[in-house]
> 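Structure provided below as structure tokens; questions to follow.
First the proteins, then the strands, lettered A, B, ... as listed; each starts at 1. Values reported hereafter were calculated over all heavy atoms of this structure, with side chains retained and with hydrogens, waters and symmetry mates removed. Keep in mind that what you see is a predicted model, and the values were worked out from it rather than measured.
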Amino acid sequence: MPELLEVEAYRRQAEATVGRTIVRVELFDPAYWRGERRPDELEGATVEGTRRIGKLALLDTDAGTLGLRFGMTGRLLVDGAASIDQLVYTSGRDLPEWHRVAVRFRDGTTMTLTDPRRLGWVELDPDETRLGPDAVSVRPAVLREVLGSSSAPLKARLMDQKHLAGLGNLLTDEILWRAALDPTREARSLTPVEVRRLHRNMSRVIADLGHRGGSHTGDLQAARSPGAQCPRDGRPLRRDSVGGRTTYWCPHHQR
DNA sequence: CCGGATGTTCACCT
DNA sequence: GAGGTGAACATCCG
């Protein structure tokens, strides 16, 4: 389920672990750990804070930074509880065999990453420089630079994590639908006025869907099925592949 | 049985 | 170097 909104919810949950000392990192799925540094290097480390860049959640400790990647179906359980994800595609179900990593703390509590599809991973000291500015805080001028240098389709550029971090397939479709912009347009073809409009709607969609409960709560999401109509003007929606992802959009008002 | 799925990465083209 | 496509990863769901 995770795009930026869900990962932010997980980060907030992980805030509860700040100040706790790690006694053990249990790896139920060895393939889930990536990178040079090993999980046991975290034993005895204390969590000092949490951060998020795009879809990457970070736990800073005095022995390094633990990076959490959730793939498409990863979730975080802190102290046995999941965050606000009643609307997950799995209907909130959680099976023990989906548990990939557990971080045990000295006070007896546990933080678990559960992920049925195993497309996520965990890493100590991940390379944060591979990510562009976070979509939540990006300034309009920076967004203009991100778009202005690219001949890629607008949607593909917005989802390219090394240029702009955090937007996934659902958020991006919703943002472009609300901003009335054609996802297939060349990114650099946007006028300054259109970039402003895009930026404004990006912020609005992130805020609105955050309140509603996640990336899947958009107006367009409800219409994500074959033969669906645009919730704004009732015209037939198109279903195309843009940037390698299924894209729903309204050719009537998105231009 | 089949197709599709909120993500990332890689090989192979142009 | 940039960008596109398709595949792979592994599993669940309708």
> Just to confirm, is there a sub-4.0 Å distance from OP1 or OP2 of B:dG7 to any side-chain nitrogen or oxygen of A:Arg69?
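No.
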> Strictly below 4.0 Å: does A:Arg93 bring a side-chain N or O up to OP1 or OP2 of C:dC12?
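Indeed not, no polar side-chain atom of A:Arg93 lies that close.
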> A:Asp160 has an atom CG; how far is it from atom P of B:dT9, in whole Å?
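The distance from CG of A:Asp160 to P of B:dT9 comes to 11 Å, rounded to the nearest Å.
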> Counting only side-chain nitrogens and oxygens, does A:Lys55 get under 4.0 Å of the OP1 or OP2 atom of B:dT8?
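Yes, because at least one side-chain N or O of A:Lys55 sits under 4.0 Å from OP1 or OP2 of B:dT8.
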> Within this structure, what is the CZ-to-C1' distance between A:Arg157 and C:dG1, rounded to whole angstrom?
12 Å
> Checking only heavy atoms, does the side chain of A:Arg118 share a donor-acceptor pair with the base of C:dA10 at less than 3.5 Å?
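Check fails, no donor-acceptor contact within cut-off.
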> Identify whether NZ of Lys or CZ of Arg in A:Arg100 sits under 6.0 Å from the centre of the six-membered ring of A:Phe28 and within 45° of that ring's axis.
no
> Output the rounded distance in Å from CG (A:Asn169) to P (B:dG4).
14 Å
> Can you spot which of A:Asp173, A:Asp182, A:Asp240 makes a side-chain hydrogen bond (donor to acceptor under 3.5 Å, both in side chains) with A:Lys155?
A:Asp173
> Round to a whole Å and report the spacing from CZ of A:Arg245 to C1' of B:dT9.
13 Å
> Taking the side chain of A:Glu3 as its heavy atoms from C-beta onward, which of B:dG7, B:dA5, C:dG3 lies nearest to it?
B:dG7
> Measure from CG on A:Leu171 to C1' on B:dA5 and round the result to the nearest Å.
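The distance from CG of A:Leu171 to C1' of B:dA5 comes to 16 Å, rounded to the nearest Å.
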> Is the backbone N or O of A:Glu186 less than 3.5 Å from a side-chain atom of A:Ser189, with the two atoms forming a donor-acceptor pair by type?
yes
> Determine: side-chain N/O of A:Thr73 to OP1/OP2 of B:dA5, distance under 4.0 Å, yes or no.
no
> For a quick test of reading the model: is some side-chain N or O of A:Thr246 closer than 4.0 Å to OP1 or OP2 of B:dA5?
yes
> Quick one: which of B:dA5, C:dG4, C:dC9 gets closest to the side chain of A:Leu119?
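Nearest nucleotide to the side chain: C:dC9.
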> Between A:Gln161 (CD) and B:dC10 (P), how many Å, whole number?
15 Å
> Searching all strands shown, indicate the nucleotide that pairs with B:dC10 (Watson-Crick or G-U wobble; both distances under 3.5 Å).
C:dG6
> Rounded to the nearest Å, what distance is computed from the CE atom of residue A:Met159 to the P atom of nucleotide B:dT9?
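A:Met159 atom CE is separated from B:dT9 atom P by 13 Å.
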> Determine whether A:Val205 and A:Trp177 make a side-chain contact, defined as any pair of heavy atoms from C-beta on separated by less than 4.5 Å.
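Sidechains of A:Trp177 and A:Val205: no contact.
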> Under 4.0 Å, heavy atoms only, any strand: does A:Ser241 hit a base, just the sugar-phosphate, or nothing?
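No contact at all - A:Ser241 keeps every heavy atom at 4.0 Å or more from the nucleic acid.
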> Would you mind classifying the nucleic acid contact of A:Arg100 as base, sugar-phosphate or nothing, using non-hydrogen atoms under 4.0 angstrom?
nothing
> Measure the distance from CG on A:Asp127 to C1' on B:dT9 and round it to the nearest whole Å.
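Computing the A:Asp127:CG to B:dT9:C1' distance gives 14 Å.
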> Does a side-chain heavy-atom distance below 4.5 Å link A:Val78 with A:Thr17?
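They are in contact (side-chain heavy atoms under 4.5 Å apart), so the answer is yes.
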> Rest of the hydrophobic cluster containing A:Leu56 (Ile/Leu/Val/Met/Phe/Trp/Tyr, side-chain heavy atoms under 4.5 Å)?
A:Ile53, A:Leu58, A:Leu131
> Does A:Trp98 make a side-chain N or O approach to OP1 or OP2 of C:dC12 shorter than 4.0 Å?
yes
> Give A:Arg239 one of three labels, base, sugar-phosphate or nothing, depending on what nucleic acid heavy atoms sit under 4.0 Å from its own.
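Counting heavy atoms under 4.0 Å across all strands, the contact made by A:Arg239 is with sugar-phosphate only.
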> Name the residue closer to the 5' end of DNA chain C, choosing between A:His163 and A:Leu95 according to the nucleotide with the nearest heavy atom.
A:His163
